[in-house]
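No hydrogens, no waters, no symmetry mates; every other heavy atom, side chains included, goes into these values. Numbers restart at 1 for each chain; the letters A, B, ... are given by sequence-line order, proteins then strands.
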Amino acid sequence: MPELPEVEVIRRDLEKEIVGKKIKKVEVRNTKNAMRAIRRHKRRKEFEDALAGLKITKIDRRGKYILTHLNGKILVSHLGMSGQLSLTKASAPQENHTHVVIHFTIGGQLRFVDPRTFGEMFVTEKGELGEVKELQNLGIDPLEQALTWQYFSKTLEEKKTKLKALLMDQKFICGLGNIYSDEILFAAGLRFDHPSNELSSQEVRRLYRAIQEILQEAIRFRGTSADDEQYKDLYGALGEFQTQLKVYQREGQPCRRCRTPVERARWSNRSTFFCPQCQV
DNA sequence: GTTTAACCCTGCACGC
DNA sequence: TGCGTGCAGGGTTAAA
């Protein structure tokens, strides 16, 4: 499932590929799930007409949201669990669960494919972006300069919650999901259920550094394609960070550091993977 | 304030 | 072979 690194890889590729292009027309499939994909719009036509004829000027990212800037408008996309943006020729066969197709004037298409329909797309006026609640609530992006050591350690101290809950809390820092929070906690040598306000300053520092390092590495490897729902980039290629995973989905396999079998715990309706020896 | 569970959904693995 | 069941997960919301 796409988390910050995957979304950032897609953002960078979109920036390279579609900035400057003009949208000829947009097609939303006439299916229940396609309507679910654009659920903030009452009618397909409203979404389609909002984008037709506009030129793409910039691609931004906030947490796991991709913001495609057009003249006066912004197309907001969230890939949910199984969403994929795919850049193809118009002649390429259409995959199952393709909900939205954006046609460019110079040819080629951007398709939104999402089997589990947790993802969505919507169009907003540029001036109204600040009113989108989900974006308002997002915390600091961990790759931005604004995530300072001071803010990070102060929040950990104040929150008094389990570390994994905090890492996955999009209102604190945005973009981390199940895979990267597990990998970050392993890299920092901390357990998922360690109380956030009971860390030494050295441990806080390790965690802070692990966030930056794991995310940068994952972007360098073009994201993780670990699950049955394999993440694919804009061109349909898989990421390669799964070869680097230390604990995620490695239950029963020896820890890469100490050989102790990796354990899996059920926490808050999610699986969490950790080394009982290396993480305290 | 924090934690848990349910909800939305589909594909897949599994057992019978 | 085929059916039913459980599970996976992101984000939100309601309840505990």
Side-chain angles (χ1 to χ4, degrees), chain A residues 1-8 10 29 31-41 61-67 76-85 94-100 112-122 131-139 141-142 154-185 191-198 215 218 223-232 239 241-242 245 247-252 262 264-273:
Chain A
M1 70 272 13
E3 300 180 29
L4 189 149
E6 291 78 27
V7 177
E8 177 60 18
I10 292 169
R29 290 267 159 280
T31 61
K32 200 180 83 196
N33 283 344
M35 288 311 292
R36 211 176 115 74
I38 56 152
R39 51 192 168 267
R40 296 188 199 211
H41 297 271
R61 180 186 56 75
R62 288 207 202 154
K64 300 175 195 172
Y65 290 86
I66 296 170
L67 308 185
V76 183
S77 314
H78 192 293
L79 301 175
M81 264 189 63
S82 59
Q84 190 203 340
L85 287 174
Q94 210 165 81
E95 267 190 78
N96 273 346
H97 309 292
T98 300
H99 304 313
V100 177
F112 177 62
V113 184
D114 186 13
R116 295 190 193 175
T117 68
F118 282 10
E120 67 161 327
M121 279 184 155
F122 61 92
E131 291 161 32
V132 178
K133 203 179 66 186
E134 288 83 352
L135 296 175
Q136 272 178 356
N137 288 341
L138 286 182
D141 193 292
K154 184 165 161 283
T155 310
L156 253 59
E157 180 71 28
E158 286 171 356
K159 276 290 186 176
K160 302 179 179 64
T161 183
K162 291 174 178 148
L163 280 181
K164 181 153 169 171
L166 199 52
L167 289 183
M168 288 182 65
D169 182 356
Q170 304 298 306
K171 296 187 212 56
F172 170 45
I173 47 177
C174 59
L176 301 182
N178 216 23
I179 299 177
Y180 294 106
S181 51
D182 280 3
E183 292 297 314
I184 286 165
L185 286 168
R191 272 179 67 107
F192 65 99
D193 53 359
H194 197 118
S196 66
N197 58 335
E198 291 177 17
L215 293 178
T224 303
S225 302
D227 300 281
D228 47 346
E229 286 300 332
Q230 293 208 315
Y231 151 77
K232 288 183 191 150
F241 194 68
Q242 62 276 13
L245 294 176
V247 286
Y248 184 76
Q249 286 196 335
R250 294 195 65 246
E251 183 184 15
V262 170
R264 165 153 97 154
R266 193 85 189 141
W267 166 80
S268 191
N269 258 354
R270 306 274 191 265
S271 286
T272 205
F273 299 86

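- When rounded to the nearest whole Å, the span between NE2 of A/His99 and P of B/dC9 equals 11 Å.
- Relative to the side chain of A/Pro115, the nucleotides C/dA8, C/dT12, B/dG11 differ in distance, and B/dG11 lies closest.
- The minimum heavy-atom distance linking A/Thr98 with A/Glu95 is given by the pair OG1-O, 2.6 Å.
- Counting to the nearest Å, the C1' atom of B/dC9 and the CE atom of A/Met35 are 17 Å from each other.
- Contact annotation: A/Ser82 side-chain N/O to C/dG9 OP1/OP2 distance is not under 4.0 Å.
- Atom CD in A/Glu3 sits about 10 Å away from atom P in C/dG9, given to the nearest Å.
- Regarding contacts with the backbone of B/dT10, every side-chain N or O of A/His97 stays at 4.0 angstrom or more from both OP1 and OP2.
- Phosphate contact (OP1/OP2 of C/dG9, side-chain N/O of A/Tyr248, threshold under 4.0 Å): present.
- As rounded to whole Å, 7 Å separates atom P of C/dG11 from atom OH of A/Tyr65.
- Looking at heavy atoms from C-beta onward, A/Thr224 lies in side-chain contact with A/Tyr180 at the 4.5 angstrom threshold.
- Stacking is not found between A/Phe118 and the pyrimidine-like six-membered ring of the C/dG11 base under the 5.5 Å centre-distance and 30° plane-angle cut-offs.
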What's touching nucleotides 13-15 of chain C from the protein side, N or O pairs under 3.5 Å?
unit_1	atom_1	unit_2	atom_2	d
C/dT13	OP1	A/Lys133	NZ	2.8

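- Using a 4.0 Å heavy-atom cutoff across all strands shown, A/Asn33 reaches sugar-phosphate atoms only and no base atom.
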Between protein and nucleic acid, restricted to nucleotides 3-7 of chain B and to nitrogen or oxygen atoms under 3.5 Å apart, what atom pairs and distances do you find?
unit_1	atom_1	unit_2	atom_2	d
B/dT3	OP2	A/Thr161	OG1	2.1

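- Here A/Asp114 does not pair with A/Arg36 in a salt bridge; the nearest charged N to carboxylate O distance is not below 4.0 Å.
- Listed for the A/Glu3 side chain is a donor-acceptor partner under 3.5 Å among the backbone atoms of A/Gly177.
- Rounding to whole angstrom units, CG of residue A/Asn178 and C1' of C/dG10 are separated by 10 Å.
- The separation between A/Glu120 atom CD and C/dT12 atom P is 9 Å, rounded to whole Å.
- No side-chain heavy atom of A/Asp169 sits less than 4.5 Å from a side-chain heavy atom of A/Thr161.
- With a 4.5 Å cut-off on side-chain heavy atoms, A/Phe192 and A/Leu163 do not count as touching.
- OP1 or OP2 of C/dA8 has at least one side-chain nitrogen or oxygen of A/Ser271 nearer than 4.0 Å.
- When each of A/Arg61, A/Lys64, A/Arg62 is paired with A/Asp141, the salt bridge (Lys or Arg N to Asp or Glu O under 4.0 Å) condition holds for A/Arg61 and for no other.
- Taking the side chain of A/Arg36 as heavy atoms from C-beta on, and the options B/dT2, B/dT10, B/dC8, the nearest nucleotide is B/dC8.
- Taking each heavy atom of A/Gly139 and A/Cys174 in turn, the nearest pair found is O-SG, 3.4 Å.
- Taking the side chain of A/Glu134 as heavy atoms from C-beta on, and the options B/dT10, C/dG9, C/dT12, the nearest nucleotide is C/dT12.
- Side-chain contact check for A/Met121 versus A/His99: every heavy-atom pair is 4.5 Å or farther apart.
- The CE-P distance, from A/Met121 to C/dG10, rounds to 20 Å in whole Å.
- Between the CE atom of A/Met81 and the P atom of C/dC7 there is a distance of 15 Å, rounded to whole Å.
- The side chain to side chain donor-acceptor pair (under 3.5 Å) with A/Asn178 is formed by just one residue from the set A/Arg270, A/Lys164, A/Glu183; it is A/Lys164.
- Checking A/Arg264 against A/Lys64, the closest nucleotide of DNA chain C that is more toward the 5' end is the one next to A/Arg264.
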